[in-house]
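Note sheet for the following structure.
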Amino acid sequence: MRKTLFLATLILAFGFWVNLHADIVKVGTKTIVNDSYSFKAEFVEKPKIGETILRVTLWDKDGKQITDLDIIGSYDMASMAGQHSMASKIVSTSKSGFYLFPIRLVMRGKWEVTLIFKTKAANDAPATELYIATIPVSI
Ligand SMILES: [Cu+2]
């Protein structure tokens with residue numbers, strides 16, 4: 001019993017430490033990540049059934065467009081959790097400095113795209129999650 005309680009406390013404490021809560025972010029809205037970064041996510045074309053591309057612009061604190069962070073992308077239908085979910089993946093960057101996340105929407109309805117912003121692991125520092133955005137998409 002004491003062991004279970006200890007374990008539960010540990011898991012809870014660890015959860016609070018590790019989990020950032022996800023902010024709901026609107027497509028096309030410039031959003032602050034922290035003192036150093038801000039971003040905007042927008043669709044290249046109006047999303048519809050089929051493949052659609054979410055383009056993310058990331059800026060540093062001086063307003064310079066950068067690709068210094070890793071963005072981990074995933075998506076699912078809000079009301080059908082797990083049924084259309086894909087393995088999350090690192091969003092690739094284009095030569096022109098955008099993050100391009102291809103999304104396959106297979107049904108009409110409400111979808112949610114999740115973007116996790118992380119620092120890249122360096123020799124002296126592990127990757128750190130900075131921000132989680134949940135972006136609602138309706139088609
Ligand atoms: Cu569905």
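Counting starts at 1 for both ligands and their atoms, following the listed order. No experiment lies behind these values; they were computed from the predicted model shown.
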Taking atom types as modelled and ignoring hydrogens, do the side chains of T31 and T29 form a donor-acceptor contact shorter than 3.5 angstrom? no
Under 3.5 Å, is there a donor on one side chain and an acceptor on the other for N34 and Y131? no
So, Q83 and the Cu ion (ligand 1): N/O/S under 2.8 Å, yes or no? no
2.8 Å cut-off met by an N, O or S atom of S79 to the Cu ion (ligand 1): no
Would you call the rings of W111 and Y75 parallel, tilted or perpendicular, taking 30° and 60° as the class edges? tilted
Rounded to the nearest 10°, what angle sits at the Cu ion (ligand 1) between SD of M107 and NE2 of H84? 100°
Pair F117 and F39, ring centroids less than 6.0 Å apart: yes
